[in-house]
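One structure is given here, and the rest of the page talks about it.
Just so we're clear, the structure is a prediction, and the values are computed from it rather than from any experiment. Below, chain A is the first sequence line, B the second, and so on; all start at residue 1.
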Amino acid sequence: MKKDKFKKHYNPQTIEPKIYKSWEEEGYFAPKALKKTFTIAMPPPNITGSLHLGHALNATIQDVLIRYHRMKGHRTLWIPGLDHAGIATQNMVEKELSKSGKTRQDIGRAELLKLLQTWEKKYSARIINQFKKIGASCDWSRIRYTLDEGYARAVKKAFILYKKKGYIKRGQRLVNWCPRCKTALSDIEVEHREEKGRLYYLKYRLLKKKEDQKFEYLTLATTRPETLLGDSAVAVNPDDKKYKKYIGRKIFVPLVKRKVRVIADEAIDPKFGTGILKVTPAHDAVDFEIGERHHLKKIKVIDEEAEMTGPIPLKYRGLDRFKAREGVVKDLKQEKILVKTEGLTHKVPYCYRCGQMIEPLISKQWFLSMKKLAEPAIKVVEEDKIEFVPERYKKVYLRWMKSIRDWCISRQIWWGHKIPIKGEEDVLDTWFSSALWPFASLGWPKETKDLQTFYPTSVLTTAKDNIFLWVARMIFSGLFFMDEIPFKVVYIHPTILNAEGRRMSKSLGTGVDPLDLIKKYGADATRFGLIAKAGHNQEIRYSESSIVAGRNFSNKMLNATRFILMNIEKNKIDGFEIDNDILSDKKLLKIEANKKTVELLKKTKSEIEKHILDFRFNLAADSIYEFFWHQFCDKCLEQNKDNLYQGSEQEKKKVLKFLIVVMADSLKLAHPFMPFVSEHLWGELNKALKIKANPLIITPWPK
RNA sequence: GGUCGCUUAGCUUAGUUGGUUAGAGCGUCUGGUUUACAUCCAGAAGGUCGGAGGUUCGAAUCCUCCAGCGACCACCA
């Protein structure tokens, strides 16, 4: 053997790209077999940037499933895709734009869309390249984008069908408004952060009754004193004895000198603050509901820019909401209305995309009525027609689905699907289009052959962040439009944290680029290192040593093959068809190590299959690692060396054939996890035996 | 306020229905290798399985309580 041709260290950098190219060119990623289908619609990554380790893990998981089923002879399809990711992408482009001091309003819609399309091209290409580098065997001929032409048809159709059946309604309701993105958001797009705030105790004066001698006051507490400018009632709990006598009385809202009523509502917690609530229906969700119950005026005092507006003293008008608070507090102090303040910890809503504080306000938006749509989506999960893995997420899903509220689906941004109503300028929530993914990616609303063949899909694997935003919505959408579940299993993979146990963050510089790892250790090593940690756990602490172990394992496989190849050269056994009959040869099995190896090989095969089907990839990876390294290499190869060196010609050949067969099966078992090195070594092995064999990717899984 | 998860060797962790000396990788230590691999081999040290009770012939595993960490949900004004 020529040393320069087959070095003792595996070199993924040169081998991996060649192998990927050959797989792709030969069309092995497209579904071929006729037996039972296995389908995964890849969670389409946002085109906001490049893929991170979480994506790499998810891609590996899917690829393991896909490669396993392909080798099992199933008609296997993995549809790749990309998501235009509405607000997220627009924000990235706006951020770029802001470097030249401009806003989207400065350049206008058409110009911003141009920038977005440039962005889209750049990052789509980058993401696709990353998937290829990691070895993803998805069918690129079927790639879909949530903003492509066919997809736009699907979104339009979906909107119209919902509307026709009365599920979509337009209305003035209280929504979560992001003053930076200048759009409404759905409830789950709001992030609540715990913060230290201040509770202001304010003394409101009651209108005097004729018989009264003195003025009477009610003291209430608020964290947002500036909103009192929009107060239209003061509320107490109907059972609160302290305040019962005030119900129905009129009271002055300070600074605006507005006369409002003291009302009684169950929503008031007598134990919070003083047990009295100032009601601002236009700027608070609870207050809005109280307002609806008591037919209160909704007085808008904060506008879409988060500046003060409406029927308020001139001095506040146009002030930013935080500045307005300062002003209001100062004036309240002066008028001796502010009794006291105290600190408190509470949760403040922020935009999940840009981090700006949300301003609840009333706005005309489109809503999808959820109650009825949720019913079948609850049923299919309760009846285990859709299974969550790990099972604990079933409860998480059901709890949310059972308390679901209407979904605000319109957005006042420019990047996305336009609402298909004449004269309507708004776009749809990006998740409205993602919700259609499992069937729209297969061609819906057209009745395509793919749709007939591959829907419902088999497995959806995603991060737990997406359970409500995406998974839940795919389930009710699939049931509504297809009258069929979108997938049978939802696997929620663990979240990758950094070594300190914190979330990896690009902005904090704690992210790891999978491409760097692939460059340094190879795709197989990266895949193995990641997946060896993924089971039913909820998080993974990332450590490079796991990837190093993967690298060493690749190398181990290479060297074991190298050893076998050297002996094939020495003992001419050209044309030996790899045949598992040798595993039951009685004479060979007299050697303890061989007997054990055959036993463990059988056990390993069944364990790996079981673990893959149970989504315990860590255990599957352990199994192949343990068997191959510590049984086959450390025991079996070592103990057969004597026979290979000293045995008779016939004995040598027999032993060698035995080793070849175990090696070949090991490569097959390793292939879903480490596709490149296994494919490469499979090729070398067959070449040395002068056998024309199919590539490993389409070789049947060992029996 | 509620729900869920985690806590096992110096570090990262496996341990799926309770059952022989609790496994592994990294690190450490000792020894080895002229012909597959030092990205290696043989071996060693290192764990009262977060704490306290309980169930059981038997508990890392089941139950109760407690502590620390983390995630999520909720109309904490």
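- Contact annotation: side chain of A:K556 to base of B:C37, donor-acceptor pair present below 3.5 Å.
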Would A:D665 and A:K605 count as a salt bridge (charged side-chain N to carboxylate O under 4.0 Å, His left out) here? Give the steps. CA-CA 9 Å; A:D665 268 7; A:K605 280 177 195 170; 3.1 Å; yes
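- Looking at A:E638, its side chain has no donor and acceptor atom pair within 3.5 Å of the base of B:A42.
- At the heavy-atom level, A:A285 lies nowhere under 4.0 Å from the strands shown.
- Within a heavy-atom distance below 4.0 Å of RNA chain B, no residue of residues 185-195 of chain A is found.
- A:D634 comes within contact range of the sugar-phosphate backbone alone, with a heavy-atom separation under 4.0 Å but no base atom that close.
- In this structure, A:T280 reaches neither bases nor backbone, as no heavy-atom distance under 4.0 Å exists between it and the strands shown.
- One N or O donor and one acceptor, one from the side chain of A:R551 and one from the base of B:U39, sit under 3.5 Å apart.
- For the side chain to side chain contact (heavy atoms under 4.5 Å, CB included) with A:L530, the lone residue among A:I540, A:N58, A:L57 that qualifies is A:L57.
- Between the side chain of A:N176 and the backbone N or O of A:P360, no donor-acceptor pair lies under 3.5 Å.
- Listed by chain and residue number, A:F627, A:F628, A:V662 satisfy the side chain to side chain contact (heavy atoms under 4.5 Å, CB included) test with A:S666 (two or more places apart in sequence, or in another chain).
- For A:R399, taking side-chain heavy atoms from C-beta onward, the closest of the listed nucleotides B:U39, B:A36, B:U3 is B:U3.
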Please tabulate, for the side chains in residues 549-556 of chain A, all donor-acceptor contacts under 3.5 angstrom to protein atoms that are two or more places apart in sequence or on a different chain.
| residue | atom | partner | partner atom | Å |
| --- | --- | --- | --- | --- |
| A:S554 | OG | A:G550 | O | 3.1 |
| A:N555 | OD1 | A:Y10 | N | 3.0 |

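- With sequence neighbours left out, A:K402 forms a salt bridge (charged side-chain N to carboxylate O under 4.0 Å, His left out) with A:E382.
- If you check every strand for non-hydrogen atoms under 4.0 Å, A:F468 touches sugar and phosphate atoms only.
- Distances shown here put a side-chain N or O of A:K395 below 4.0 Å from the OP1 or OP2 atom of B:C4.
- The salt bridge (charged side-chain N to carboxylate O under 4.0 Å, His left out) analysis of residues 282-294 of chain A, with sequence neighbours excluded, yields the pairs A:D265-A:R293, A:E292-A:K298.
- To the nearest whole angstrom, the two C1' atoms, one in B:C76 and one in B:U13, are 38 Å apart.
- Between the CG atom of A:D231 and the C1' atom of B:A77 there is a distance of 11 Å, rounded to whole Å.
- Taking atom CD1 on A:I496 and atom C1' on B:G70, their separation rounds to 17 Å, with Å as the unit.
- Under the salt bridge (charged side-chain N to carboxylate O under 4.0 Å, His left out) criterion, A:K652 pairs with no residue, sequence neighbours left out.
- Listed for the A:H52 side chain is a donor-acceptor partner under 3.5 Å among the backbone atoms of A:G54.
- The number of heavy atoms from other shown groups lying within 6.0 Å of NZ (A:K394) is above 12.
- Going from atom NE2 of A:H630 over to atom P of B:A36 covers 20 Å, rounded to whole Å.
- No contact: A:I290 has no heavy atom under 4.0 Å from any strand.
- Residue A:W629 has its side chain nearest to B:C40 when only B:A77, B:C40, B:A14 are considered.
- Taking 4.0 angstrom as the limit, A:Y645 places a side-chain polar atom (N or O) nearer than this to OP1 or OP2 of B:A36.
- Phosphate proximity of B:C37 to A:R562: present, with a side-chain N or O under 4.0 Å from OP1 or OP2.
- Where RNA chain B pairs in unbroken runs of 3 or more (Watson-Crick or G-U, both distances under 3.5 Å), the stems are B:1-7 with B:67-73, B:10-13 with B:23-26, B:28-32 with B:40-44, B:50-54 with B:62-66.
- With both ends at atom P, the span from B:G53 to B:G18 equals 24 Å, rounded to whole Å.
- Here the C1' atom of nucleotide B:C4 and the CZ atom of A:F388 are 14 Å apart, to the nearest Å.
- Taking atom P on both B:A45 and B:G50, the two are 23 Å apart, rounded to the nearest angstrom.
- When each of B:U39, B:A36, B:A77 is scored by its nearest atom to the side-chain atoms of A:N552, the top-ranked nucleotide is B:U39.
- Taking the C1' atom of each, B:G68 and B:A52 are spaced 15 Å apart, rounded to whole Å.
- Look at NZ on A:K347: it is 9 Å from C1' on B:C73, rounded to the nearest Å.
- Residues satisfying the salt bridge (charged side-chain N to carboxylate O under 4.0 Å, His left out) test with A:R405, not counting sequence neighbours, are A:D187.
- B:C72 and B:C11: their C1' atoms are spaced 29 Å apart (whole Å).
- Among residues two or more places apart in sequence or in another chain, the side chain to side chain donor-acceptor pair (under 3.5 Å) test is passed with A:S623 by A:E607.
- Listed nucleotides: B:A36, B:C76, B:U16. Nearest to the side chain of A:L344: B:C76.
- Phosphate proximity of B:A36 to A:K641: present, with a side-chain N or O under 4.0 Å from OP1 or OP2.
- Nearer the 5' end of RNA chain B, as judged by each residue's closest nucleotide, is the contact made by A:R392, out of A:P270 and A:R392.
- A:H283 comes within 4.0 angstrom of nothing in the nucleic acid, heavy atoms only.
- By the salt bridge (charged side-chain N to carboxylate O under 4.0 Å, His left out) test, A:R502 pairs with no residue at all, sequence neighbours left out.
- Partners of A:L656 under the side chain to side chain contact (heavy atoms under 4.5 Å, CB included) rule, at least two apart in sequence or in another chain, are A:I564, A:N567, A:I568, A:N571, A:I573, A:L644, A:I660.
- Mapping A:A549 and A:F272 onto RNA chain B by nearest heavy atom places A:A549 closer to the 5' end of the strand.
- Spacing between B:A9 and B:U28 at atom C1', rounded to whole Å, works out to 12 Å.
- Taking atom CZ on A:R405 and atom P on B:A74, their separation rounds to 8 Å, with Å as the unit.
- Residues from residues 526-545 of chain A with heavy atoms under 4.0 angstrom of RNA chain B, sorted by number: A:K533, A:Q538, A:R541.
- Sparse packing is recorded around CD of A:E391, with 12 or fewer heavy atoms of other residues, nucleotides or ligands lying under 6.0 Å away.
- Spacing between atom CG of A:D269 and atom C1' of B:C76 amounts to 9 Å, rounded to whole angstrom units.
- In this structure, A:I404 places its CD1 atom 15 Å from C1' of B:A74, rounding to the nearest Å.
- At a threshold of 4.0 angstrom between heavy atoms, the contacts of A:L619 include nucleobase atoms, whether or not backbone atoms are also involved.
- Taking the C1' atom of each, B:U8 and B:C49 are spaced 4 Å apart, rounded to whole Å.
- Counting any heavy atom pair closer than 4.0 Å across all strands shown, A:K464 reaches sugar-phosphate atoms only and no base atom.
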